[in-house]
Student: 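Shown below is the structure under consideration.
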Amino acid sequence: MGNLSLTESRAWKALLDHKKNIDRKHLRQLFADDPGRGERMTTEDIGIFLDYSKNRITDQTLKLLIKLANQAELKNRIEAMFSGEKINVTEDRAVLHVALRAPKGSKIMVDGKNVIPLVHEVLDRMTDFSNRVRSSQWKGHTGKRIRNIVNIGIGGSDLGPVMAYEALRYYSDRNLTFRFVSNIDGIDFAEATRDLNPDETMFIVSSKTFTTIETMTNAQTAKEWLLKGLGVDAGAVAKHFVAVSTNAKKVSEFGIDTANMFGFWDWVGGRYSMDSAIGLSTMLAIGPEHFRSMLKGFHEMDEHFRNAPFERNMPVLMGLLAIWYNNFFGAQTIAVLPYENYLKRFPAYLQQLTMESNGKQVTTDGEKVTCNTGPVYWGEPGTNGQHSFYQLIHQGTRLIPCDFIAFVNPLIQVGRHHDILMANVFAQAEALAFGKTARQVRTEGTPEWLVPHRVFNGNRPSNMILTDRLTPDTLGKLVALYEHSTFTQSVIWNIDAFDQWGVELGKVLAQRIIPEIENPSTLLEFNHDGSTNNLIRRYRKMKNRHNNKTI
Ligand code: G6Q
């Protein structure tokens with residue numbers, strides 16, 4: 001590409017030209033001209049079937065998008081990631097979530113050291129620990145078995161564990177209760193623990209840095225809650241607290257024995273860490289075997305991403321389609337719509353994965369990007385969304401590409417429910433693509449004044465991801481699919497998908513305001529802008545007007 005910006009490059013301009021042809025063709029036309037596309041524009045591997053035929057593309061579009069990927073040297077970038085190159089340039093780190101699920105015998109070098117044995121050593125320790133807790137061998141301070149597990153963490157140290165717990169609940173040990181505390185809002189902790197017995201409760205403090213204010217405050221509160229509840233001193237902590245972190249020093253300062261610490265490494269980004277020790281709560285819930293099966297699923301998608309030709313490569317195709325709508329149609333969002341209730345937290349998980357990764361405005365060289373980067377990902381499980389925001393997707397003025405995710409077999413067969421659910425997902429994709437013309441509406445006998453309101457333009461694109469059933473293995477594949485689609489997009493834009501400097505500013509500013517609002521002896525003169533100064537003054541004057549309950 002030389003010194004040319006992305007948007008001046010040959011592959012980009014070819015797509016801009018081509019877009020004019022696509023604009024002239026409705027999906028109805030594309031299907032009429034090419035009846036075979038419904039079968040041809042699909043790909044299937046490792047048990048996942050992707051139908052991308054209802055996208056506003058032709059075979060030529062795909063060729064041009066793949067040229068764009070080749071121009072960005074996507075193949076080399078994938079290899080660079082898998083071989084441990086420091087592709088997180090602003091933090092000078094390797095990006096090796098793929099190492100977390102690589103089989104025992106493999107070899108990935110970071111700074112001259114093979115990291116795979118380290119990964120498996122931690123996995124083995126997690127296995128041993130999980131078995132001891134699940135089999136009641138591990139006892140709390142008063143000799144009772146552990147029945148409640150509370151994960152304390154935020155961001156990457158929370159969203160993955162929460163999502164995986166919900167997604168794999170079917171496989172979880174129902175004798176154990178799982179709670180997740182993330183928010184600094186004390187209500188989160190209070191509600192999560194209000195009905196728990198400290199004798200039977202174990203906290204997992206999950207924090208890569210072990211300095212995050214939300215997590216450290218919640219962990220401190222948990223310690224006090226436990227010791228007060230048991231009526232004992234700090235000696236009880238060892239039986240009720242474990243840590244997941246990269247920071248042994250801070251863990252031990254907090255009072256957790258580092259023998260009860262499960263480590264990971266700086267080459268695992270928070271939002272890419274649910275398959276590291278951060279997944280300890282997941283392993284406790286579903287057991288080590290299921291956890292390893294999830295890792296196997298991740299790994300199979302890694303191999304698919306690394307080896308499948310781009311024409312049949314699911315993360316590459318989905319990443320390129322995201323670019324197509326984001327950059328050539330001006331679409332600002334992508335809706336992810338799982339037709340599987342267990343996946344209710346999946347869109348929330350993807351929000352962090354995709355938006356923290358690709359919410360960037362400069363290239364890896366520090367140049368301002370010349371086009372839009374990361375789209376907003378959002379969604380809700382079907383069919384609930386159908387009775388709320390789908391209206392805007394069907395008849396609003398915005399283009400919202402959708403990813404439908406559906407499973408052929410339900411985990412629990414309840415009457416006719418599953419066939420009805422599946423009929424809905426197929427119908428939605430069909431309606432979005434083909435709509436309903438004015439002529440069709442008229443032939444239904446609709447009065448003329450109502451016709452415009454009942455017309456569906458259609459031509460609204462979607463992907464359909466179809467697989468057998470939601471297993472730990474499938475979940476691993478789905479998460480890896482989105483991880484690699486996100487990476488694919490970042491490579492095209494040449495941005496660093498693995499840093500998150502934007503998260504830092506809020507943390508720094510909050511630290512400055514805390515003493516100003518906590519300490520009543522400080523003057524009411526602050527050095528912020530007029531609005532922030534006023535808000536702080538107002539807060540200080542008004543607080544404590546009610547008799548707040550403390551725990
Ligand atoms: C993820 C981000 C961020 C991080 C949290 C928690 O990629 O880095 O969401 O996971 O800020 O950080 P700790 O795990 O260090 O507490």
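Position 1 is the first residue of the sequence; numbering continues from there. We count ligands from 1, going down the list as the structure has it; atoms in each ligand are counted the same way.
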Student: Could you list the atoms of ligand 1 found under 4.0 angstrom from a heavy atom of Ser207?
Tutor: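 Answer for ligand 1: 13 (P), 14 (O), 15 (O), 16 (O).
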
Student: Could you tell me how the ring of Phe305 sits relative to the ring of Phe487: parallel (under 30°), tilted (30 to 60°) or perpendicular (over 60°)?
Tutor: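 Geometry flag for Phe487 against Phe305: perpendicular rings.
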
Student: Using 4.0 Å as the upper bound for N to carboxylate O, is an ion pair formed by Asp111 and Lys86?
Tutor: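 Salt bridge: yes.
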
Student: State plainly whether the residues Arg169 and Glu166 are in salt-bridge range, i.e. N to O under 4.0 Å.
Tutor: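 Result for this pair is yes, salt bridge flagged.
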
Student: So is there a nitrogen or oxygen of Gly156 less than 3.5 Å from a nitrogen or oxygen in ligand 1?
Tutor: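 Yes, there is a polar N/O contact under 3.5 Å.
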
Student: So, are Lys477 and Asp45 salt-bridged, with charged N and O less than 4.0 Å apart?
Tutor: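 No, Lys477 and Asp45 are not salt-bridged.
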
Student: How close does the nearest protein non-hydrogen atom get to atom 11 (O) of ligand 1, and which residue and atom is it?
Tutor: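 Ranked first by proximity to atom 11 (O) of ligand 1 is Lys507 NZ, 3.7 Å.
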
Student: For atom 7 (O) of ligand 1, what's the nearest protein heavy-atom neighbour? Residue, atom name and distance, please.
Tutor: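 Closest protein heavy atom to atom 7 (O) of ligand 1: Arg271 NH1, 2.7 Å.
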
Student: For atom 6 (C) of ligand 1, which of Ile154, Thr215, Thr209 has the closest heavy atom?
Tutor: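 Result: the heavy atom closest to atom 6 (C) of ligand 1 is in Ile154.
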
Student: Look at atom 1 (C) of ligand 1 and say which protein heavy atom is nearest, naming residue and atom and giving the distance to 0.1 Å.
Tutor: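 Looking only at protein heavy atoms, the one closest to atom 1 (C) of ligand 1 is Glu356 OE1, 3.0 Å.
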
Student: To which protein heavy atom is atom 9 (O) of ligand 1 closest, and what is the distance rounded to 0.1 Å?
Tutor: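 Here the closest protein heavy atom is Gln352 NE2, 2.7 Å.
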
Student: Which of parallel (below 30°), tilted (30 to 60°) and perpendicular (above 60°) describes Phe346 and Tyr482?
Tutor: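 Geometry flag for Tyr482 against Phe346: perpendicular rings.
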
Student: Angle between ring planes, Phe189 versus Trp225, binned at 30° and 60°: parallel, tilted or perpendicular?
Tutor: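 Because their plane-to-plane angle is over 60°, the rings of Phe189 and Trp225 count as perpendicular.
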
Student: What atoms in ligand 1 come closer than 4.0 Å to a heavy atom of Gly270?
Tutor: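 Listed by number with element: 1 (C), 7 (O), 10 (O).
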
Student: Between Asp302 and Lys296, is there a salt bridge with N-O shorter than 4.0 Å?
Tutor: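 Salt bridge absent between Lys296 and Asp302.
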
Student: Thr212 to ligand 1: N or O pair under 3.5 Å?
Tutor: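 Checking ligand 1 against Thr212, an N or O pair does fall under 3.5 Å apart.
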
